[in-house]
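To keep things clear, I will list the structure first and then write my remarks on it.
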Amino acid sequence: MIVHNYLPLSKSKIFLMSATWVVWVCVLFLPKLHERYTYLLDILLLLCFFLDKKFLPFIFVSESLSLITYGGVFGSKMIGAESRYFSLLYIATFICFSILLIKERKNGMVIPNSNKMDKENFSMSTCMRDNYSIKVDTNNDKKKLKLCKKTPNFNVSIDSTILKKLVLYTSIFFFITHGYAFLNSLYSHDSLMIFQNDGSWQVSLGRFLQPTYVRFRGMITAPLWVGICTFIYLSLSICLISAFFSAMSKIQKVILSGMLVSSLTLTLSNATYIPWSDIYMLALLFSTLGAYVAVKHRKYSFVSVISMSLSMGLYQAYIQVAVILLMFDVFSDVLKNKEVKVIVKKSAVYLSVIFAAFALYYVFYKLFLHIYHIDAATGYNGLSKVGHFSSIRNAVSYFTGTYSYVWNSFINPISPHKKLSVIANFVLLATGLFFTVFILLKNKLSKLNSAFVVLLLCLFPFCFNFIYFISQGMEHELMIYSFSVVPLFLLPLSNMIDTDKKSKIFSAIRIAMYAFFAVLIFNNVIFANQCYVKKDLEAKSTISIVTRIIDRIEQTEGYIPGETQVRIIGKIEANPCIIERRAGFNYQGAGNSGYATATYNIEAYIKDYLAYPMRFSYAEYSPLVVNELDVFPSKNCTTIRDGILYIKISGQKENVFYNAAAVLPDYHLIENEFSLCIDNETHSDSSTYLRGWAYHENDICRVMVSDGEHYWETNLEARPDVQKAFNLNNDKQGFSATIPAKLDGYSLYLINDEKKEIYKIPVR
Amino acid sequence: MKNLLEIEFYMLSFEKKVCQYIRQNMHIFYFAIISLLGLAVRVSGFSFLSGDMKNCLLPWFDMIREAKCRYTIGDYNLLYQSIIYGMTHIPINPVYQYKIVSVFFDFALAIIVANFSCAIANRSKKSLTFLFAYSVVLFLPTVFLNSGFWGQCDSIYVFFVVSALYFLYTGKIKTSFSMLGLAFAFKLQTIFILPFYIFYYFQEQKFSIFNFFITFFIFLLSGLLFYMRGMSIFTPITVYFNQVGEFNDHLYLNIHSAWLTLGNVVSLKGAAIIVTAAILGGG
């Protein structure tokens, strides 16, 4: 703002305002500051006021707020959370001051000193960038440069006719590809949560905008309404993406719509995760908007930063689309043989925007966690591992893994005609490389630009899949929409080749390219429809089996509906009635590899989907019960013990309480690293009572007990005696627990959430 | 009696001269009166003992007397410690001594702000602008409470920062950088103004980047007394490094920081620095 637009800092007002603004930013945003740090700011604001009376409100607010902080020294309380409104006032005042500075900047804008700066360069870069043109005034003896405001002239603008056509093509493709999903109720797996009340979970995963958006859109997952929202966001995104590709022909627009609508990611989202389909597309919209603004309206880059951070706040993975679009803009500049200096500068700006978006996202994330009083998720899909590599070797392995993932998707695509899709992928890749080399030679690119082309080509796979790297391999098909965007870069590349020659070879190549795009779209459309039919059939078979399971429960002697507790042993998806695969269906992709609608939580299926009033028990059960029962549909699949009805639906145990990964966070495990003492260990037939203490240095840890298969968290107790005896800083060493099983042998785990370590000692 | 009442008392020539003199030198009288009042309001707080004075400044005073500039005490940098060491040789209540030094710089600050105001407004130093600015600074509550009551020394570094800006504005570059060095010698908060110097450097292109060496040199020179008694030349830097390590459990402390809206989320410290850098970068 200050340097960028050639502010005349020697002008008194701008000099003072700029100095004040800089100090204000530091005072407002730097951490670990305390009262009196505002002293300099108050004096500088006072100077501004002496220059212009309009600064009186600023000095009044700043001085008053400084004075409030002095209260802590003169007997009043120090300011606390109740002063956050004052803080907001301070921020608002700062924003007003910034706006005044911007206005002042506009009034005082000058051409830099000709002795120090090349005027031609200035005209090319500064003026073009800021929508100013330079006119040469020839009326005077001396030629004078004048700054004139001109209307924006972007390389690519969104034409309303093109927009209408794109929306038309998008709607056609959307209907034939995804119509089935939105006109049928295909609830399964995660989407069984028809009442979408998982806001806290989503916030803990870093998708903090989801609860707000869902409240706005409606918390009940209504497929048609979700479909309409999805369509609107997707159409707008496609229009924005089209703005990156200049002068598209009709067939290219069809391909653009077809590829983006029939994306595998969107299909799998609609099939199994329909409550989030529109959220994903809104994330795509924000992501593309961010990239669009960064490219076309660079001086409003803050809008890009906000837009991209909003995209990540809905679903992080779509940021890859923005990154790849920005990268394409740089790539096309290189191919146009633009100056390396310009390219490097542009790349630096884009990188800054992306990093700023990540920083803003991180701040928002922490803010939402704080507002909702939620801890960040550490397990599956959580952000705890993002960017935390245990070693350089580990980082390198994920770096190469990022490329491997792309390569695997390339040679092993999810498609009903796999071989055809692989051939299409290879042909399109070869075409892309051919076009690049041709343009490189035709435009006689400098050595530096050629090196840049090679570098960007090498970086492409990493950039459209970098989530794999930073999340350390935590990636699935819902996170790779960017893979569908990448092939589309062939369209503008083909347009960059001089068409005047009307070479038959190029025409043939183009037609072949379109044909292979058509193959990909065709396969995607088929896969989507097959996928939805599969889901529909699974829904029918699941409802058939679960109805019979309920019937079997109701037929069990002694069962009173709504009163008797029911303990379901096993997983429905492992039941022999459902485990057989359907012939001819392609079982691949996130949420698409199962055989049943209800997967990990049959209780939710019965309760939420069927709305059947059943009382469930989640208590631990004796292995004897499991052994003596047969699996449903065998006759001997139910029994009633101690007032609880047990029904075994598979030999496989349900995950809950059995999976260490579900209970223990993914921290560094250290064995035999702490002191402990079991003061009391009492056994009964079905339970074990434990009380004792354990500590690792002065760390405050959670304590868990495990028999190697189950994991139980204990209650923490204060132990001042232990603190005194071992001269520790705190008294958080005690624990106690009643374990619902007779423990023959067990281990103690200390979980150090601060150091992200787990200490383990086998006790018996 | 009636005649006596009808007598008119005309102004004597002596009175006229006095009035004329006062009118001609009104600004001097005003300056003197306002200075006296400014001093009075500060002196009225001299007996006030703040927590910082009791718990830090007075113990440091005694320790610095013992240390004799052979090692550092407290978290002030070497120049202020040298001043305190000088104070230990004066047989006056140390509370008053601390406050006298700060009050002196209050007046210096008021004068430099007034001068700066005249410079930017193109007014004479005899104008009302000067007196108005001088008075406002002198009676700004945060200024007189800071020195006269609290015994803090923020006016010192702020005086040098404002002086640095004043000289930068008037084109005396070397003096400006020297003042910046002195400001750094007193408080690390001087760093708040550094981005502006960088902006100015790129924008105006009026001075060489090597002028920053003047600042650095003056900053290092500020510890001369300590070096003569065996301390390392890098001590002024390490003092600030130690200060950076303070308040680690706080994102903010008794200040209306932007982060107050979130609460004391200490883990945001890194993000806060990035955000500041990003905003300044945007600038």
Side-chain angles (χ1 to χ4, degrees), chain A residues 1-3 6-7 9-10 12 15-16 18-19 21-23 25-40 42-44 46-47 50-51 63 65-70 72-74 78-79 81 83-84 86-88 90-91 113 116 302 352 356 359-360 362-363 366-367 370, chain B residues 50-52 109 113 116-117 120-121 129 133 136-137 140-142 145-146 149-150 152 154 158 161-162 165 169 189 192-193 195-196 199-200 202-205 246-247 250-263 265 267-269 271-276 278-283:
Chain A
M1 187 163 64
I2 297 168
V3 177
Y6 299 97
L7 271 178
L9 283 179
S10 50
S12 56
F15 180 93
L16 269 180
S18 304
W21 185 82
V22 165
V23 174
V25 171
C26 294
V27 168
L28 203 55
F29 295 102
L30 276 177
K32 301 206 289 183
L33 304 191
H34 59 75
E35 71 282 326
R36 295 189 287 114
Y37 275 66
T38 51
Y39 196 113
L40 176 60
D42 293 341
I43 295 295
L44 290 176
L46 205 57
L47 273 163
F50 294 143
L51 191 64
E63 175 67 13
L65 294 182
S66 299
L67 209 52
I68 289 171
T69 63
Y70 275 38
V73 182
F74 295 99
M78 284 201 177
I79 63 161
S83 287
R84 62 181 55 174
F86 286 135
S87 179
L88 287 172
Y90 212 21
I91 296 169
N113 191 334
K116 291 175 184 167
F302 69 95
S352 310
L360 188 63
Y362 182 71
V363 171
K366 290 286 176 187
L367 173 66
H370 182 72
Chain B
S50 66
D52 285 353
L109 176 66
V113 169
F116 203 172
S117 305
I120 53 180
T129 307
V136 172
V137 174
L140 202 66
T142 47
L145 288 174
N146 185 290
F149 288 75
W150 200 339
Q152 288 291 353
D154 294 279
V158 172
V161 171
V162 175
L165 287 174
Y169 181 74
Q189 284 103 293
F192 293 169
I193 202 68
F196 175 71
F199 289 151
Y200 197 89
F202 282 110
Q203 175 58 41
E204 293 295 307
Q205 300 173 29
E246 291 176 355
F247 301 111
H250 294 92
L251 187 59
Y252 54 81
L253 186 66
N254 198 28
I255 189 171
H256 292 100
S257 161
W259 309 109
L260 182 67
T261 49
L262 311 188
V265 189
S267 56
L268 274 179
K269 274 187 291 186
I273 294 170
I274 295 168
V275 168
T276 312
I279 297 172
L280 286 174

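All heavy atoms count here, side chains included; hydrogens, waters and symmetry mates do not. Every chain is numbered from 1 and lettered A, B, ... according to where its sequence line falls, protein lines coming before strand lines. Every value quoted in this text rests on a predicted model; they were computed, and no experiment measured them.
- Ranked by heavy-atom pairs under 4.5 Å with chain A, the first of B:I193, B:V158, B:V275, B:V162 is B:V158.
- Most heavy-atom pairs under 4.5 Å with chain B, from the set A:E35, A:H34, A:R36: that is A:R36.
- In this structure, the side chain of B:N254 engages the main chain of A:T69 through a donor-acceptor pair within 3.5 Å.
- A donor atom on one side chain and an acceptor atom on the other are found under 3.5 Å apart for A:Y70 and B:N146.
- Looking at A:L65 and B:I255, their side chains never come closer than 4.5 Å, going by heavy atoms from C-beta outward.
- With contacts defined as side-chain heavy-atom distances shorter than 4.5 Å, the pair A:Y362/B:I274 does not qualify.
- A donor-acceptor contact shorter than 3.5 Å links the side chain of A:S87 to the backbone of B:S257.
- Both the backbone and the side chain of A:Y37 come within contact range of chain B, judged by heavy atoms closer than 4.5 Å.
- Only the side chain of A:L44 comes within less than 4.5 Å of a heavy atom of chain B; its backbone N, CA, C and O stay farther away.
- Side-chain atoms of A:L40 and B:D154, non-hydrogen and from C-beta on, never get closer than 4.5 Å to each other.
- Only the side chain of A:I43 comes within less than 4.5 Å of a heavy atom in chain B; its backbone stays farther off.
- Side-chain atoms of B:H256 do not come within 3.5 Å of backbone N or O of A:F86 as any donor-acceptor pair.
- Contact of A:L46 with chain B is made through the side chain alone, with heavy-atom distances under 4.5 Å.
- In terms of heavy-atom proximity, B:T276 sits nearest to A:C26 at CG2-CA, 4.2 Å.
- Heavy atoms of A:K366 lying under 4.5 Å from chain B belong exclusively to its side chain.
- A heavy-atom distance below 4.5 Å is not found between the side chains of A:W21 and B:F196.
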